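Written below as structure tokens is the structure these notes are about.
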There are 2 protein chains.
Amino acid sequence: MIVDVPETLIQIAAELFASRGYDATSVNDIVEAASVTKGALYYYFNTKEELLFAIHQRFIEAEMAQAQKILARYFKPAERIRRLIISLIESIAEFRNEVTVFFRERHRLSPELFAQVQAARDQYEAIFEEAIREGQQEGTFRSDLDARLMTLALFGQCNWTYTWMKPGPLTPRELGEHLAEIFLRGALNRSS
Amino acid sequence: MIVDVPETLIQIAAELFASRGYDATSVNDIVEAASVTKGALYYYFNTKEELLFAIHQRFIEAEMAQAQKILARYFKPAERIRRLIISLIESIAEFRNEVTVFFRERHRLSPELFAQVQAARDQYEAIFEEAIREGQQEGTFRSDLDARLMTLALFGQCNWTYTWMKPGPLTPRELGEHLAEIFLRGALNRSS
DNA sequence: AGGATCATACTAACCCGTCGGTATGTTTGT
DNA sequence: ACAAACATACCGACGGGTTAGTATGATCCT
């Protein structure tokens, strides 16, 4: 049986961090769950924090890769946002543990590593904001509200799913479609 | 100088928990910041967890009280939601530290205390969901989307503000108004 | 071809600081 | 005088991280 030890450690750490929290999970817990010893862990990672960072990186990189694919296809703003939302929800569903850790334990990283994570995150959010701005110039998005604020509201809607999403009746894709619909058209009936 | 020691401890604990995290904050840190000793803390609180719980309680009770006031005034669904949103954003702004701790460290509570917090939270969310359901029956809210999903989307928008809100150009009230506008009418231009 | 050498990938045992919590003493208001 | 409201000193457990050592291949020299 061949296993990628560092990858397994990241995986298991993500599970444990997500369910118990970063500080409440000891490295002993991790190595025990992974059936290795502490020596093995510290052979691949210099600190516990590096593990935390690796979890963040994995999620952000996957998310960003998906977004770039969509950007490459030159959709108009509204359709672009729609697809970005769906892609984001699918990422959250796929990297459930990583996302949970990302949002809950981000601030636990040292300033240097946190800055790195934050920079990547800003880059990702800028893709959404730019779509909204273009939509405003084009006239399809309303201009009486700040683009930045709309972006933050949108990310709230989407990111928050990590707190309640479960393998339920809706697939992540369907869920994303519905959320896009809510964001774009609102909760009120159009005829009213 | 008269000070309410337990209240001060909750206050300071909220600050420290919000900025460093629950586990990363030692009870020594807390008593030091509060200029008392451990004896004083453990005179009022049996465990560190009780402190955490008290922080949650304070925020939830304040939130719930505001919501009840709005319910008592019998607004129609759309206006009721608008006011609930504003009230929620104002609460988040006022109890910034408590909210941060609430959302980030909730899962750290023991099952019993967590259940208590969750029950109160469910009750609060039900108020919003009920307004949306009524709106659907009345016809002002769209019925092609699940009320529960709309509620969750809304809470995402609102709760997420705790991650980025800052004393900026917009007052909490204005911010709430804008978010209500986004939720109710959506990002797209009406004429398109 | 095959022994010598070295890098890889770990293991087992341990160190020392820190943590939540407690036991007991002291002060203060009434 | 006596309870309420603390302060002081300390305990046992556990935390992240380190250390010395080792089995197992890969590589190189002759």
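So that the names make sense, note that chain A is the first sequence line, chain B the second, and so on, each numbered from 1. Please read all numbers here as calculations on a predicted model, not as lab measurements.
Distances were taken from every side-chain heavy atom of A/T37 (C-beta onward) to each of C/dG21, C/dC10, D/dC6; the shortest belongs to C/dC10. In the set D/dA5, D/dG16, C/dC10, the nucleotide with an atom closest to the side chain of B/Y44 is D/dA5. When distances run from any side-chain atom of B/Y42 to the nucleotides D/dG16, C/dT22, C/dC19, the shortest one goes to C/dT22. Nearest nucleotide to the B/S26 side chain, out of D/dC6, D/dA7, C/dC19: C/dC19. If you check D/dC6, C/dT11, C/dT8 against the side chain of A/Y43, the one that comes closest is C/dT8.
Atom pair A/N46:CG and D/dT18:P shows a separation of 8 Å (rounding to whole Å applied). Rounded to an integer number of Å, the gap from CD1 of B/I30 to C1' of C/dC19 is 12 Å. Here the P atom of nucleotide C/dG17 and the CG atom of B/N28 are 16 Å apart, to the nearest Å. What separates CZ of A/F45 from C1' of C/dA9 is a distance of 14 Å, to the nearest Å. Rounded to an integer number of Å, the gap from A/E7 CD to C/dA9 P is 14 Å. The distance from atom NZ of B/K38 to atom P of C/dA23 is 13 Å, rounded to the nearest whole Å. A/D23 places its CG atom 17 Å from the P atom of D/dC14, with the value rounded to the nearest Å. Rounding to whole angstrom units, CG of residue A/L9 and C1' of C/dA9 are separated by 12 Å.
Checked against a 6.0 Å centroid threshold, the rings of A/W160 and A/F103 do not count as neighbours.
Under 3.5 Å, the side chain of A/K48 and the base of D/dG17 form no donor-acceptor pair of N or O atoms.
B/V5 places a side-chain heavy atom less than 4.5 Å from the side chain of B/Y44.
Nucleic acid contact class of A/T25 (heavy atoms, under 4.0 Å, all strands): sugar-phosphate only.
A cation-pi geometry, defined here as NZ or CZ lying under 6.0 Å from the six-membered ring centre and within 45° of its normal, does not hold between B/K38 and B/Y43.
A salt bridge links B/E181 to A/R142: one of the charged nitrogens lies within less than 4.0 Å of a carboxylate oxygen. Under a 4.0 Å N-O distance rule, the pair A/R58/A/E7 qualifies as a salt bridge.
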